[in-house]
Amino acid sequence: MIESSPLPALAVAVPLIGAALVAALGSMPNVRECVSIALALATLGLVVSMLPGTTDGRVAEATLLELSPGINLALRADAAGMLFATLASFLWVLTTVYSIGYMRGLEEQKQSRFYAAFALSVGAALGVALAANLLTFVLFYELLTLFTYPLVIHRESDEAIRAGRKYLLYTLSGGLALLGGTVWLAQMGIDTTFSEGGVLGSLTGRDGTVWALFVLLAGGVIVKAAVMPLHSWLPAAMVAPTPVSALLHAVAVVKAGVFGVVRVLIFVFGVDLLRDTGAWQVLAIGAAATVVLASLLALRHDNLKRRLAYSTVSHLSYIVLGVALLGPLALTGALLHLVGHGVTKITLFFCAGAIHVRTHRENVSELDGIGKQMPVTMGAFALASLSMAGIPPFVLFASKWYLGAGAVDASAIAFLFVYIAGGVLSAGYLFPIVARAFWRSSPSFTWSGWHGEASLKMVAPLLVTGLLALVWGIAPNLPFSFFSLATQVANGTGGGA
Amino acid sequence: MTDRHDSVLLHFVVRAVMVPAILLFGLYVLVHGDASPGGGFQAGAILAGGLILSRLSLSGDEGRRLFSRPRLVMIAVLGMFLYAGTGVAAMLAGGDYLDYGVIAFESIDRILPIGLGRREIGIFIIEVGVTLAVFGTLALVVDYLTEPHDPEETEG
Amino acid sequence: MVWELELALYGLLVLTSVIALWVRDLLAAVASLTVYSFIAGTLMALMGAVDVALTEIALGAGVTGVMLIGGISLMRRRSSD
Amino acid sequence: MEEVAARFPYFMIAILLGVGVWGMVGKRSLVKKLIGLNVLQSAIILFFINGSIREGGTVPILFHGEHGNAEDFVNPLPHVLMLTAIVVAVAVTAVALAFLTRIYREFGTVDEAEILSEMERQT
Amino acid sequence: MADQLPALIPVPLLVLSILAPMVGLWRQKLAFWLAIATIAFSTAMSGWALAHVIAHGPMTYKFGGWEPPIGIEYVVDHVAAFVSLIVMAVALAVVVATRRMAEQEMQGRQGLYYSLVLLLLGGLTGMVVTADLFNLFVFLEISSLAGYALVFLGGRKGMLAAYRYLILGTLGGAFYLLGVAFLYFGTGTLNMADTLAILSASEATTAISAGAVFIFIGLGLKMALVPLHLWLPDAYTFSPSSVNTLIAPIMTKVGAYAMLRMFLSVFPDGYLVDEVPIGQALVVLGAIGVVFGAAAAFRQQDIRRLLAYSSVSQLAFIAIGIGLATPAGFVAALLHIMNHALMKGTLFLAVMAVRMQTGATEVPALTGLGRRLPITTAAFTVGAIAMVGIPPTAGFFSKWYLSIAALEQDLWVILAVVLISSLLSAAYLFRVLERAYLVHSPADMDGTNDELEGEARRSRIPLLSTTWEPKIDVLLPLVLLAASTILLGVFNVAVVRHVLEPGT
Amino acid sequence: MRALGIMLAVATTALFVAASWDLPDRGDPHAPANVGVGPEYIERTEEDIGIENVVSAVLADYRSYDTLGETFVIFTAGVAVLFVLIRRGRDDRQA
C-alpha cells in the first residue's frame, strides 16, 4: 500500500539543504560541527520515523515534479530503500562524530568544504536509496559522484588529483552507461517505477534487447560496486581522509553501487526475466572471481587502507553475487551483508583512522604492539575482523549463512566454495594485523612515548560500530529491523524460486 | 591632399560643371523615382559620389566645411529617423508598421497641392529618408577610408 | 535581345572577374572589378532591370570602386597573389 | 542551339560563382578576397535578374494611370530584392575596407600568410 | 497593443540604435542606459509575446498592412517567441554585466558600441520572428555586420579573426541568398507559409533540392557546423571580452534556429530527409562535430578558446536534433538552444569576470581561483556541470531528450556520441575546475605541486595575491544565469509541454 | 589554401550547373516566378498606390520593411566603419 507523504523528500532534502548552512558557517567551527551533528540526527530521525510504516507494508511516497514528460522525480520508502537509507543515515551520525575528532586531530584544511560535501553526499545517497524510479535513481547516482569528488581530492596533492580524475572517469562512465539504458527504456515507453517483479516483462523473448540493456544498466551500477575489472578507482581513492574512506566504502558510494545492482537486477529486470535469459550467470561469475582475486590482492598490500580497500572490493562482490543468484535466500543474505559489511568495514576504517591520527602510521608492518597502546581501538578492530571472517555469532556470519544457503538453493555449489574461500582469505589478511597488534613487539623499534587512545570522539563511534557487528549478528532486528526488511524484500521479489 | 596644385581647368570643370550636374542628377533621380528608374539608394549614392568627387579632386573645398563629419552623421541619422519614424507614425495612427495608408498626410497635400495620394506621400518621405541616410553614411565611410594615416598616431 | 551579344558580355564578365583576381597590381584589379560591375549593370539593363542596373552602376561600380581605391591608396600597390 | 541560348547565362553565372569562391577562399591577399566577394555577390544578382525575365516583357514602369498587364512586363520582385542585395554588398565592402585599413596600419601588409607570420613573430 | 507585439520585438532595437551614436556623442554613459532600456523593453515584449502565444496561439503581423505574400509577414509562434525571449533575456543579463568591461574596452566609442549591440540584437530577433525568406537574409546581414565590427576591436589577433569571420560569414549569407533564389524560382513566392504550401502540393525538383543544399551550407556557416566552423574559435578568442560574452551565447543559436525554421515551416515534412539528404548530413556532421569540438577543446590553454570549441561541440548537438527531423528532435534542439545559451552565457560571463578582476585567460593562470573569487568560480562550476550534463542541470535534459529522439530512429551511434561527449566535456571542464579549486596560488604552495606550480609560473599572467569578487552588477547577472541553468533543468517539463511541444 | 579554394570553386560551379539544369527556361511565362506574386505587383500597383515605377512601389511600399532593413544594413556599415576607424582622442566628440 502506497501512501503519499512528504517524509521521503524531507529525508533527502534535509542534508542537501543543510549542506549550504554548514558551508556558510565556515568561520565558526564549533557551530558548524554542532549543525552537522544536528543534521545527521534530524535525518536519522526522519528516516527512522518511516520505518514502522514500511515494515507494516505502508510505503510512504513523495512525488515532487516531472523530470521528463511522464517521468516524475519520486521518492519512495520501500523495504529495500529503507534498509539502505537507515544504514546510511545511522552511520552518518557516527561518522560525523568521528570526523570531528579526526579532522581536528590532524588539523586538516578546508573543513567546511569537507562537512558540506559530506552532507551533500549523504543526501545523494539517501536519494539513491529512496528513488522510486530509474530516472530519479540516475539523478541521485550522478549527484553522488559529483558530491563525493571534493572529498576524494580533499588532500589536493598530485596523487589526490590523479585519484580524483580516475574516480570521475570510472564513475561518470558508469553513470553514463546507466543513463544510456534509462534513455532507452524511456524511449520504449516503459514505466521504470521500481516494482518487485521487475518492469521489463514486456521484453520477454527479446533476448538481444535484454542483453544490451543488461550490459548498460548492470554495467553502469557495478562500476560503483567495484566489480573487477572496474574496481581500480577504489584503491586509488584511498588518498582521501579516513572518514571519507569510511563513508565511501561503508556507506555512500560503493553501497549505492551495490544497492543499484539490487534495484536494477531485481526491481527493473525482475527475477524471471534474468533467469530466462541467463544474463545473471555472467555477473555471478564476474563477482565470484572478484571475491577471490581481490582477497588475494588484499593479502599482498602492506598499506592498511589499501588492504581494507581490496577487502571492500571483495566483500562488495559477495553482495553482487548474492543478488545475481536471484533466490530469496541469497537476496536476504545479500541485503544482510550490505548492512553487516557496512557496519563492520566502517569499524575497520575508523580504527585505521584512529591509528593514523595518533601515530601517523599507515602500514601494517609498522603496527607491531599497537594493541597495548590502543587497546579499545584494536579491540574493536579485532571484533570487526572476526565479523569479516564470518565467525559466528557476528553479523557477517549470519549473512554468509544465507548467501551460502542461497548458492545451494540455486544449485550452484561452486559459489558456496567461493564464499567459504572468501571468508578464509578475509581471516588471512585481517587476523595477522590483530596478532601483530597484540602479541608482537618489534625488537628493532620501540614506541617513543605513550600514544594512548585517540580522542573520545573517535573511539566512541568505532566502539559502537564494533559492538554492533556483534549485536546485529545475534539480533539483527535491533533497533532498525534490518532482518525484517531484508526478508520482506526477498519474499516480495524472489518468490518464484 | 593639401599640397596638390589644382589646375584652373580642373577646378572649373569639376566645381562648375561636374559637381552641380551630379548633384542635380541625384536630385532628379530621387524626385522622379516614382515614375522612372531610380529612388533613394541611387540618389543617395549619386549625391555621395558628387561630394566625394569634389573632395578628391579639389583642395580647400567648402564641401568639407558644409558637410563636416558631425554633420554627415546628423544627416544619416535624420534620414534613418525619417524612415523608421514614418513607420512608427503609422503604428501610432493605428495601422501596422510602415502602413502609410493610415497616416493623415492630407494636411501636407493641402499646404503643397500636388495631388498625391497618401501612399505616394509616404513613399516620397521614406525615399527622402533613404537618400539622406545613404548619402550621409557613404560620404562618411569614404571620408574615413581615404583619411591618410599619421604614423605618429598609435591606435589602441 | 540578341543572345550573341549577351554571350559576349558574359564572356567579358568572366574575363574581367578573372583579371581582377589574377593581376598583382591592386589598382588594376580594382579597375577590372569596376569594369566587371559596369558590364554586369549593362546586362541587367538589357534584361529589363533598369533600376537594378542604375543601382549596380552607381553603387556597385561607383561607390565600391571609389571605396576600394580609397582603401588601397593607403596600401602597397602590389599584391602577393 | 536553342537549348544553349536558353541556358548559357546559367553556366556563365556558375563560372562566376566559382571564380568568386576561389577568390574568397583560395587567395591569400585580403584585398583579393574582398574582390572575390564582390564577384560572387554580382553573380548572384545576375542570377536573380535572369530569373525575372518574361518572354515579351519590358521594363516594369507603367504609363501614368495605366492598369498594368502582367504579360507585358518582366517580374519586378527580383529587381527589388537585388537592389537590397547590392546595398548589402556595398555595406559589406565598406566594413571590410575599414578592417583592411586598420590591418594594414597594424601589420604593414594585407597578405594573410605574412600577417600570420607577423603575429607569430610578435608573440 | 497586443496585435502590434510581433513588430515590437525587433523594431525598437533598430530604431533606437539610430539614437545611440547621437546620445553617445552627447554623454558616453547615457548610451548604456539607452541600450539597456531598449533591450529590457524588447525582452518584456518577447515575454509578453510568449505568454500571448501560449494563451491565444500564434500571431501574425503584416508590415505596411499588405497581405502576405504581397507584403512581408511576421509570425510569432511558440518557437519564435521562445527563442527571441531566450536571446533577449541572455543579452539583457550580459549587457548589464559587461557595462564596465565595455567602458574599458570601448573607450571613446561607447555610443557606437551600443548602437552596434542594438543592431545585432535587432537583426537576430528580426531573423527569429520573420516569416519571409528574403527578409531573413536582410536581418541576417544586419546582425552579421554588427557582429564583424564588434569582433574587430579585440587587438591585433582580433583584426584578422574578424576579417576572416567577415569573409566566411558573407560567403554564408551569399549561399543562403542563392538558395532563396532557387526556392523563389521554383515556387514564385518568398513567404514561408506560402512556400510550404506550394512545395507540399508539387513534386520535388532538382532546383528546389539544390536550393535547400545552398541554404544548408549558408546557414551551416552561420551556425558553425563542422567543418564550417573555422571562423568561430578565433572570433570568440580574440574578440573583446564584452563582445564574446555577448555573441557566444546567442549568435550561433539564431543561425541554428534559422536552420530549424527551414525544417519546420519552409520545406514540407520529410522533404529535407527524403528528397535531399540534409537531415542526414546534419546528423552525421553533428555527430562528428560533437566529438571533434570536445576533443579540440581539451587541448586548449586559453579558456575562451576552450569554450569556443565547446560551443562547436554543443552546436553540433543542436544540429543533430534538427537533423533528426522529428518533433522529438526539434524539441531536443530547441531545448538545447535555450540551455546552451544559458550555460555559455554563464561560462563566458564568469570568464569575463575573472579577466576583469585578475587579467587571467589561460587555464594555468586560474590557479587557486576558487579561493579568490568564490562566487564567480561557483557560477562557472554550475555552468561547467551543466555542460557535462549532470542532472538536474539543464544540460542533462537536452541530452536526455536528444537521446530519446535519436533512439526513436534507432540511431545508436548518436546515443554513444552523446554519452562519449559527456565524458569528453567532463575531461576538459574538470581540468579547469581542478585548477581553479585545488591548486593553491604559488604564494602558499608547499612544494608538493612542483609540476603545477611551474606551469602556473610559465603562464606570464601575474597571479595576484589579493583579488576579490566583481561588483554586484556583474555578480547578479552571473548568479541569475547560473541559477537559471539549474531551475530550467528542474522545471524543463513546463517548458517542453507548454512551449516546445505545441510549437513543433 | 590554394587547392582548397580551387576545389570549393569547382564544387560550387558543379552544384550550380546541376541545380540550374532543372530550372524553367529563361523567360518562360509559365515559370512559377512569373505566375507567383511578381506579376501581381504589376497588376495592383496602379490601383493600390498610383505610381508608375512598379519597382519603386514594391520597394517603398509593398516590401518597404525589407527596404528599411536594407537602409539599416547601410547604417550598420556606417556605424561599423566609424567604430573601427575612429581615433581615440582626436575624434572623441564624434562618438
Side-chain angles (χ1 to χ4, degrees), chain D residues 5-7 9-11 13-15 17-28 47 50-57 60-81 83-85 87-88 90-95 97-99 101-102 112-113, chain F residues 1-6 8-17 20-21 23-29 31 33-47 50-59 62-63 66-67 69-71 73-78 80-85:
Chain D
R7 291 275 163 203
Y10 294 147
F11 303 149
I13 288 166
I15 294 171
L17 287 174
V19 171
V21 170
W22 168 61
M24 286 171 86
V25 182
K27 284 283 174 183
R28 279 192 349 209
F47 178 52
N50 263 300
S52 76
I53 299 175
R54 171 191 278 266
E55 202 91 33
I61 295 175
L62 314 168
F63 294 110
H64 193 70
E66 174 202 18
H67 171 82
N69 196 349
E71 277 99 68
D72 301 337
F73 300 99
V74 297
N75 184 352
L77 184 54
H79 299 184
V80 176
L81 306 182
L83 285 176
T84 307
V87 173
V88 167
V90 172
V92 171
T93 309
V95 175
L97 274 170
F99 286 7
T101 316
R102 280 288 297 274
E112 202 171 15
Chain F
M1 210 56 166
R2 185 159 295 204
L4 181 72
I6 291 173
L8 284 181
V10 172
T12 313
T13 308
L15 182 59
F16 189 88
V17 168
S20 63
W21 207 256
L23 279 178
D25 285 344
R26 275 204 328 156
D28 179 3
N34 281 340
V35 294
V37 285
E40 217 174 311
Y41 291 121
I42 295 169
E43 309 262 349
R44 293 177 57 160
T45 295
E46 178 58 33
E47 285 77 19
I51 65 173
E52 291 86 352
N53 187 345
V54 183
V55 174
S56 283
V58 179
L59 185 83
Y62 292 114
R63 293 186 70 91
D66 260 356
T67 311
E70 174 186 359
T71 320
V73 171
I74 277 280
F75 179 73
T76 311
V81 170
L82 251 65
F83 183 66
V84 168
L85 287 184

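Chain naming here is simple, since letters A, B, ... match the order of the sequence lines and numbering starts at 1 in each.
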Give the member of [options] that has the highest number of heavy-atom pairs under 4.5 Å with chain D.
{"options": "Val73(F), Asn53(F), Thr12(F)", "value": "Asn53(F)"}
{"options": "Ala3(F), Gly50(F), Pro29(F), Ala80(F)", "value": "Pro29(F)"}
{"options": "Ala57(F), Gly27(F), Ala14(F)", "value": "Gly27(F)"}

Please flag which part of [X] lies under 4.5 Å from any non-hydrogen atom of chain F: side chain, backbone, both or neither.
{"X": "Val92(D)", "value": "neither"}
{"X": "Thr93(D)", "value": "neither"}
{"X": "Thr101(D)", "value": "side chain"}
{"X": "Leu97(D)", "value": "neither"}
{"X": "Glu71(D)", "value": "neither"}

Take Phe75(F) and Glu70(F), measure what side chain to side chain contact (heavy atoms under 4.5 Å, CB included) needs, and give me the verdict at the end. CA-CA 9 Å; Phe75(F) 179 73; Glu70(F) 174 186 359; over 6 Å; no
Most chain F-contacting option - heavy-atom pairs closer than 4.5 Å, from [options]:
{"options": "Pro78(D), Gly23(D), Gly26(D), Ala85(D)", "value": "Gly26(D)"}
{"options": "Thr84(D), Val95(D), Val21(D)", "value": "Thr84(D)"}
{"options": "Ala14(D), Pro60(D), Ala70(D), Gly18(D)", "value": "Ala14(D)"}

Chain D contact via [X] - side chain, backbone, both or neither, heavy atoms under 4.5 Å:
{"X": "Ala33(F)", "value": "both"}
{"X": "Ile51(F)", "value": "backbone"}
{"X": "Glu40(F)", "value": "neither"}
{"X": "Val10(F)", "value": "neither"}
{"X": "Thr13(F)", "value": "both"}

Just wondering, do [Y] and [X] contact through their side chains at under 4.5 Å, heavy atoms?
{"X": "Asn34(F)", "Y": "Asp28(F)", "answer": "no"}
{"X": "Trp22(D)", "Y": "Leu8(F)", "answer": "no"}
{"X": "Tyr10(D)", "Y": "Leu23(F)", "answer": "yes"}
{"X": "Asn75(D)", "Y": "Arg54(D)", "answer": "no"}
{"X": "Leu59(F)", "Y": "Asp66(F)", "answer": "no"}

What about Phe16(F) and Phe47(D), are their ring centers closer than 6.0 Å? yes
Residue of the set Val54(F), Thr45(F), Thr67(F) for which side-chain contact (heavy atoms from CB on, under 4.5 Å) holds with Tyr62(F): Thr45(F)
Donor-acceptor pair, distance only, cut-off 3.5 Å: does the side chain of Glu43(F) make one with the backbone of Asn69(D)? no
Show your working on side chain to side chain contact (heavy atoms under 4.5 Å, CB included) between Phe73(D) and Leu62(D) and close with a plain yes or no. CA-CA 9 Å; Phe73(D) 300 99; Leu62(D) 314 168; 3.7 Å; yes
